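Taking it in order: structure first as structure tokens, then the write-up.
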Amino acid sequence: MTALMNFKSHIAGKNADVSIYPDRIEWEQQGRITATRLLTGAALVTGARKGGSSEMIPIRAITSVTTKKDGLRNHAVSIITGGNTIDMRVSKGEADQIKQTLTRLMLG
């Protein structure tokens, strides 16, 4: 199934790649990359990741979507479910588009 929208966000202190599908919203957060220092002071990326995670929320589980200003340039999109609230930090334009997309999907 093709994503309706893809964007990068900041969720719970970590960057995330987020995708909205007709039936769900999902995101993946990369863990930090471990690096080995060389004698020159440069870093060699080993590719090992620690602490990566992914989550998914079915659209039918979302009860509300809100937006609010979050800092000088960003906005927070709050996705509220029966047992949790997920805050995604994005630009104002993205926040409006995310809210419209999720609201349209919630209302069918």
Side-chain angles (χ1 to χ4, degrees):
M1 188 178 301
T2 303
L4 301 173
M5 188 174 181
N6 294 303
F7 57 94
K8 295 206 180 277
S9 178
H10 200 74
I11 303 172
K14 291 183 181 178
N15 291 329
D17 294 314
V18 183
S19 297
I20 298 175
Y21 295 92
D23 62 340
R24 69 193 184 282
I25 180 169
E26 55 185 49
W27 62 94
E28 183 176 351
Q29 294 174 311
Q30 300 297 323
R32 63 184 163 86
I33 298 173
T34 59
T36 305
R37 292 274 175 201
L38 300 174
L39 293 176
T40 62
L44 171 67
V45 177
T46 62
R49 296 205 174 260
K50 293 184 178 181
S53 64
S54 63
E55 280 195 54
M56 185 274 299
I57 299 174
I59 294 296
R60 68 180 179 274
I62 299 172
T63 58
S64 181
V65 179
T66 64
T67 59
K68 66 179 177 183
K69 190 165 173 65
D70 186 20
L72 294 174
R73 292 199 227 158
N74 295 310
H75 278 65
V77 177
S78 296
I79 300 170
I80 302 157
T81 66
N84 201 4
T85 299
I86 305 298
D87 293 318
M88 297 186 176
R89 192 173 184 195
V90 295
S91 70
K92 171 149 179 37
E94 285 177 317
D96 293 340
Q97 187 178 7
I98 293 164
K99 183 179 179 181
Q100 288 174 3
T101 300
L102 291 175
T103 300
R104 182 174 41 87
L105 292 172
M106 288 167 51
L107 297 176

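Worth knowing before you read on, the calculation uses all heavy atoms, side chains too, and leaves out hydrogens, waters and symmetry mates. No experiment lies behind these values; they were computed from the predicted model shown.
Between Thr63 and Gly82, the shortest heavy-atom contact is CG2-N, 4.3 Å. What you find for Leu72 and Lys69 is that their closest heavy atoms are O-NZ, 3.1 Å. Listed here is the closest heavy atom pair of Ser78 and Thr85: CB-CG2, 4.1 Å.
Interatomic distance, OG1 of Thr67 versus CD of Glu94, reported as 13.0 Å (0.5 Å rounding). Between the CD atom of Gln97 and the OG atom of Ser91 there is a distance of 9.0 Å, given to the nearest 0.5 Å.
Donor-acceptor pairing under 3.5 Å is lacking for the side chains of His75 and Asp70. With hydrogens and angles left out, the side-chain atoms of Ser53 and Gln29 include a donor and acceptor closer than 3.5 Å.
Here Met5 sits in one hydrophobic cluster together with Leu4, Phe7, Ile11, Val18, Ile20, Ile25, Trp27, Ile57, Ile59, Ile62, Val65, Val77, Ile79, Ile86, Met88, Val90, Ile98, Leu102, Leu105, Met106; the rule is ILVMFWY side chains under 4.5 Å apart, joined directly or through other members.
Side-chain atoms of Ser9 come within 3.5 Å of backbone atoms of Arg89 as a donor-acceptor pair (strictly under, hydrogens ignored).
Within a 6.0 Å radius of NZ in Lys8, no more than 12 heavy atoms belonging to other residues, nucleotides or ligands are found.
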